[in-house]
Amino acid sequence: MDDRYKPQEIEARWQRVWRERDAYRTPDTSDRPKFYCLDFFPYPSGDGLSVGHCRNYVPTDVVSRFQRMRGFNVLHPMGWDAFGLPAENYAIKMGVSPRVTTERNIANYHRQMDLIGLSFDWSREITSCYPDYYRWTQWFFLLMYERGLAYRGTGQQWWCPVDKTILANEQVEQGRCWRCGSEVTKVDLEQWYFRITDYAQRLLDDLATIDWPEKIKLMQTNWIGRSEGAEVEFALPGRSDTLTVFTTRPDTLYGATYMVLAPEHPLVGELTSAERRAAVAAYQDEARRESEIERLSTEKDKTGVFTGAYAVNPVNGEQIPIWISDYVLMGYGTGAIMAVPAHDERDFAFATRFGLPITEVIAPPTGAQGTLSEAYTGDGVMVNSGQFDGLAAPGAAFAAIVARLAERGEARPKVNFKLRDWLLSRQRYWGVPIPIVYCDACGIVPVPAEQLPVLLPELEDYEPTDDARSPLARDPDFVATTCPRCGGPARRETDTMDTFVCSSWYQFRYPSPHDDIAAFDRDAVGYWLPVDLYVGGAEHAVMHLLYSRFFCKVLNDAGYVGFSEPYATLRNQGMILAEDGTKMSKSKGNVVTPDSVVERYGADSLRLYELFIAPFEQSVAWNDRGVQGCLRFLTRFWGFALGVPELERAGTPGAGGAGPVSRGDGADGAGVNDTADGDAVEADALDGDAVEADARRLRRTLHKIVRKVTGDLETFRFNTAVAALMETLNDVLEVWTGRCEQLETAQWREIVETFILLLAPMTPHIAEELWQRLGHDSSVLDAPWPAWDEALAADEVVTVVIQVNGKLRDRLEVPVGAASDDVVALARAAHNTVRFLEGKQIVKEVYVPGKLVNFVVR
RNA sequence: GCCGGAGUGGCGGAACUGGCAGACGCGCCGGACUCAAAAUCCGGUCCCGUUCACGCGGGGUGGGGGUUCAAUUCCCCCCUCCGGCACCA
């Protein structure tokens with residue numbers, strides 16, 4: 001047998017063997033505890049996987065293998081979020097069906113995942129663009145519809161002029177389309193929504209029950225945007241209706257000196273006086289034309305116009321002018337505000353610009369200002385507020401004012417959320433058809449579940465249009481149907497669903513991926529879910545991760561599942577940047593693929609480096625030379641591992657068993673090297689002779705590394721696990737190459753086999769190969785994870801640091817548990833310490849057992 | 001602007017509860033092997049000073065202050081970078 005380490009050769013061989021043995025098949029039932037380990041649902045892009053994607057897949061694979069060795073029944077599946085715009089855009093450009101390119105991309109992803117040795121159970125593969133999957137996506141839509149959670153609504157919506165589709169709120173970032181980056185505009189359209197706002201409070205509350213990164217929880221909390229306040233009615237002179245505003249500071253009501261409506265507010269037309277009509281209409285027009293980027297800019301000066309109308313402040317009966325301005329948003333609260341310039345920065349800027357009165361009603365702790373140079377938004381005491389003067393604000397004042405106005409029905413406590421309903425219809429082809437039919441007689445009719453799927457037809461022409469209609473609208477065979485209710489002629493809905501709908505429920509599909517009577521098997525889902533470990537990038541914090549939680553809660557309410565959070569533990573991997581520290585991108589030509597790395601260094605070295613490169617959650621620049629370092633480590637381990645059976649065959653008697661072996665200069669030299677300073681002589685005395693010391697030391701090292709790697713894998717500290725393995729191998733090889741005959745062969749075997757087991761989750765191919773070469777018939781995949789003995793891992797001797805006035809002066813080796821008086825006495829006499837104590841008075845002695853002695857001297 | 005996170009050698013990083021700063025890896029320097037190169041192996045590698053040398057001393061974790069016998073770690077102020085939100089009343 002060739003004894004050189006040839007990673008590509010053994011990796012290809014074992015991958016074939018594992019495939020033939022179906023080694024990654026997860027049984028549906030098992031006596032073992034379950035562990036569901038899931039990666040974010042990937043979109044199979046034409047660019048294939050980069051080493052950046054591996055930063056996600058390698059750690060989850062390591063955890064899956066680790067948990068399997070620890071006795072869990074592990075579900076580690078993979079599938080494809082296969083609908084979406086890139087394939088469709090490519091189809092428009094090249095005339096190739098998105099189905100064809102998507103399948104090609106999937107095949108490539110699958111190949112690359114196999115190449116790096118991922119242990120997916122491919123029998124559970126799911127593909128969201130296949131009818132056997134999207135049939136159930138449509139079923140979920142019907143479930144939402146039945147429960148009153150899917151509705152059609154009109155309103156101003158985000159429109160991406162490049163992708164030619166409507167976008168949900170979460171999918172617009174700083175006024176730009178999350179996918180293509182072009183500026184979005186607003187259009188009025190009737191669209192389909194999911195009523196996620198009904199779940200706002202629960203989506204917020206349940207964050208406390210899940211083990212997710214605080215950063216993600218915070219982002220969701222901010223996105224949901226709960227704020228407590230009150231609704232207050234302002235009377236309109238000469239009219240029977242009132243103007244309702246939402247405010248979080250009812251305690252500032254006496255300072256409300258004007259009101260502002262959003263330009264789109266429905267009452268603007270009616271309220272505007274004849275002489276202001278032209279100016280108001282011009283402003284509304286301007287606001288409508290303005291791009292979202294311009295409108296959202298907080299830099300620009302406030303703009304607005306007076307409507308000529310007035311409202312009555314309910315606390316003091318004063319008439320205050322009503323303005324319109326684009327700084328008030330129609331989509332939040334009531335689209336109208338009471339403006340309190342003295343205590344709100346935006347109102348202050350507006351009032352200053354237009355010369356509106358500013359009345360101070362909250363005095364800061366330093367006393368009332370009289371004239372304000374900026375808005376005071378802090379806590380204080382009410383002033384200029386009639387009977388309420390002197391109340392603490394907002395604290396007591398908030399409740400007092402609301403209670404007083406509530407008596408007359410002019411105010412009520414109110415909680416508002418920033419979260420909006422999820423707009424899910426898309427005017428594009430490559431998505432799930434919405435299972436709805438429009439009948440002239442019956443109106444909106446859902447397609448009955450037994451008639452699903454509504455199949456997505458193949459088209460000749462995928463080009464989207466500017467009129468906000470899906471390309472499906474051009475296919476008469478698709479559009480024309482009969483009404484499921486009355487049997488009369490009807491038209492199909494031609495919009496498709498946001499692909500985030502597909503990915504909101506896929507985690508329920510893997511336990512029963514081929515179920516053709518339900519979206520999922522309840523027992524299987526009851527066994528496997530919630531997902532125990534979910535891993536993906538932080539960029540989906542308020543999109544997929546929010547939608548998916550919402551779906552789970554709806555299923556819970558509908559009685560399909562007994563839990564309301566789908567992902568118990570979430571972790572976000574850091575990004576891998578190119579070697580120059582910039583983002584990897586095809587256009588810059590700096591993408592590193594797993595293919596190129598595997599070709600040069602092998603999959604195990606790639607995997608090891610992905611783990612070693614940095615803490616899991618941290619972004620970091622790629623460095624090919626780092627992979628080289630991992631290959632060196634594996635090569636050195638390979639040589640050692642093969643040397644052990646060789647030693648066994650040579651029949652060299654072990655030193656321990658055959659009694660102390662006199663080794664002359666070599667052993668002495670090593671001993672001196674090992675315990676260079678004089679203090680260490682004591683340690684040797686404890687352990688008996690030097691031969692025995694090596695055996696004991698390596699046994700301790702071995703138990704320590706098992707403890708270390710186990711703990712690190714449990715807590716996602718892969719980088720330090722790898723570093724510790726490298727360090728331990730260095731220690732082991734020092735004895736192995738210098739004086740291997742000092743240990744019994746049985747101990748060498750124990751060391752090498754334990755090492756193989758520790759490496760198995762991270763570098764499965766080399767582990768399996770060496771496991772076989774060491775004489776095992778069964779696969780290392782099913783070997784039990786090694787245990788450690790706390791007593792054997794415990795140190796016998798510790799290094800105690802000696803400080804004088806906090807400065808390091810010397811070190812001392814003492815037995816664990818040595819009496820503190822003895823240690824301090826030894827420390828005081830240590831040869832370097834003495835120089836610093838001479839002629840000084842010791843005012844304090846600090847002894848931290850097993851750690852350090854500090855003499856404070858004067 | 002607001003809310004988070006992070007600043008440690010030439011580079012990636014380690015130091016888990018306040019207790020030896022720089023583990024491990026890369027790179028670099030020197031050496032061995034080689035006709036040569038690659039690979040591999042051995043030694044060195046935070047900065048300054050001092051010593052023939054083993055050593056020894058001083059400084060040092062973005063900057064400034066503080067608490068403590070002791071601070072990369074805790075507190076206050078400031079600077080820089082990254083991420084999120086962005087007129088949400």
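Please read these numbers as outputs of a predicted model, since none were measured by experiment.
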Exercise for the section: Tell me whether the centres of the aromatic rings in A:F755 and A:F640 are closer together than 6.0 Å. Expected result: no
Problem - Protein-nucleotide distance (A:D251, atom CG; B:rA89, atom C1'), rounded to Å - result: 13 Å
Practice task
Rounded to the nearest angstrom, tell me the gap between atom CZ in A:R625 and atom C1' in B:rC28.
Solution key: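 For the pair A:R625 CZ and B:rC28 C1', the rounded distance is 11 Å.
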In chain order, what residues pass the salt bridge (Lys or Arg N to Asp or Glu O under 4.0 Å) check against [X], with sequence neighbours excluded?
X: A:R55; result: none
X: A:D379; result: none
X: A:R828; result: A:E845
X: A:R717; result: A:D712

Would you say [X] places a side-chain N or O within less than 4.0 Å of OP1 or OP2 belonging to [N]?
X: A:R632; N: B:rC26; result: yes
X: A:R809; N: B:rG57; result: yes
X: A:N832; N: B:rG57; result: yes

Are [X] and [Y] close enough for a salt bridge, meaning some N to O gap below 4.0 Å?
X: A:R697; Y: A:D731; value: no
X: A:R226; Y: A:E228; value: yes
X: A:R249; Y: A:D344; value: no

What does [X] touch in the nucleic acid at a heavy-atom separation under 4.0 angstrom: a base, only the sugar-phosphate, or nothing?
X: A:D347; answer: nothing
X: A:G225; answer: nothing
X: A:N416; answer: nothing
X: A:R420; answer: base

Problem - Watson-Crick and G-U pairing of RNA chain B written in dot-bracket, each distance under 3.5 angstrom, with | for inter-strand partners - result: (((((((..(((......[....)))((((((.......))))))(((((....)))))..(((((..]....))))))))))))....
Problem - Those residues that, when tested against A:Y601, pass ring pair (Phe, Tyr, Trp, His ring centres under 6.0 Å) (two or more places apart) - result: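 With sequence neighbours excluded, A:Y601 shows a ring pair (Phe, Tyr, Trp, His ring centres under 6.0 Å) to no residue whatsoever.
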Exercise for the section: Determine the minimum heavy-atom distance between A:N416 and A:G333, stating which atoms define it. Expected result: ND2-CA, 3.6 Å
Practice task
Could you grab the distance from atom CG of A:N572 to atom CG of A:L545, nearest 0.5 Å is fine?
Solution key: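 That separation rounds to 7.5 Å.
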Anything under 3.5 Å between a protein N or O and an N or O of nucleotides 43-51 of chain B, put it in a table, one pair a line.
none

Completion exercise
Quick tally for nucleotides 4-17 of chain B: nucleotides whose base has a protein heavy atom under 4.0 Å get B, sugar-phosphate-only ones S, the rest -, giving S-------BSS-B-
Can you give each donor-acceptor pair under 3.5 Å made by side-chain atoms of residues 835-842 of chain A, sequence neighbours left out, with the distance rounded to 0.1 Å?
residue, atom, partner, partner atom, Å
A:R835, NH1, A:N832, OD1, 2.5

Exercise for the section: Please list, by residue number, the residues of residues 837-849 of chain A whose heavy atoms come closer than 4.0 Å to an atom of RNA chain B; answer none if no residue qualifies. Expected result: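 A:K844, A:V846, A:V848, in order of number.
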Kindly give the atom pairs (protein nitrogen or oxygen, nucleotide nitrogen or oxygen) under 3.5 Å for nucleotides 30-33 of chain B.
none

Problem - Sequence neighbours excluded - ring-ring contact (aromatic ring centres under 6.0 Å, His included) pairs with any residue from residues 704-735 of chain A - result: A:F616-A:F716, A:F716-A:F718
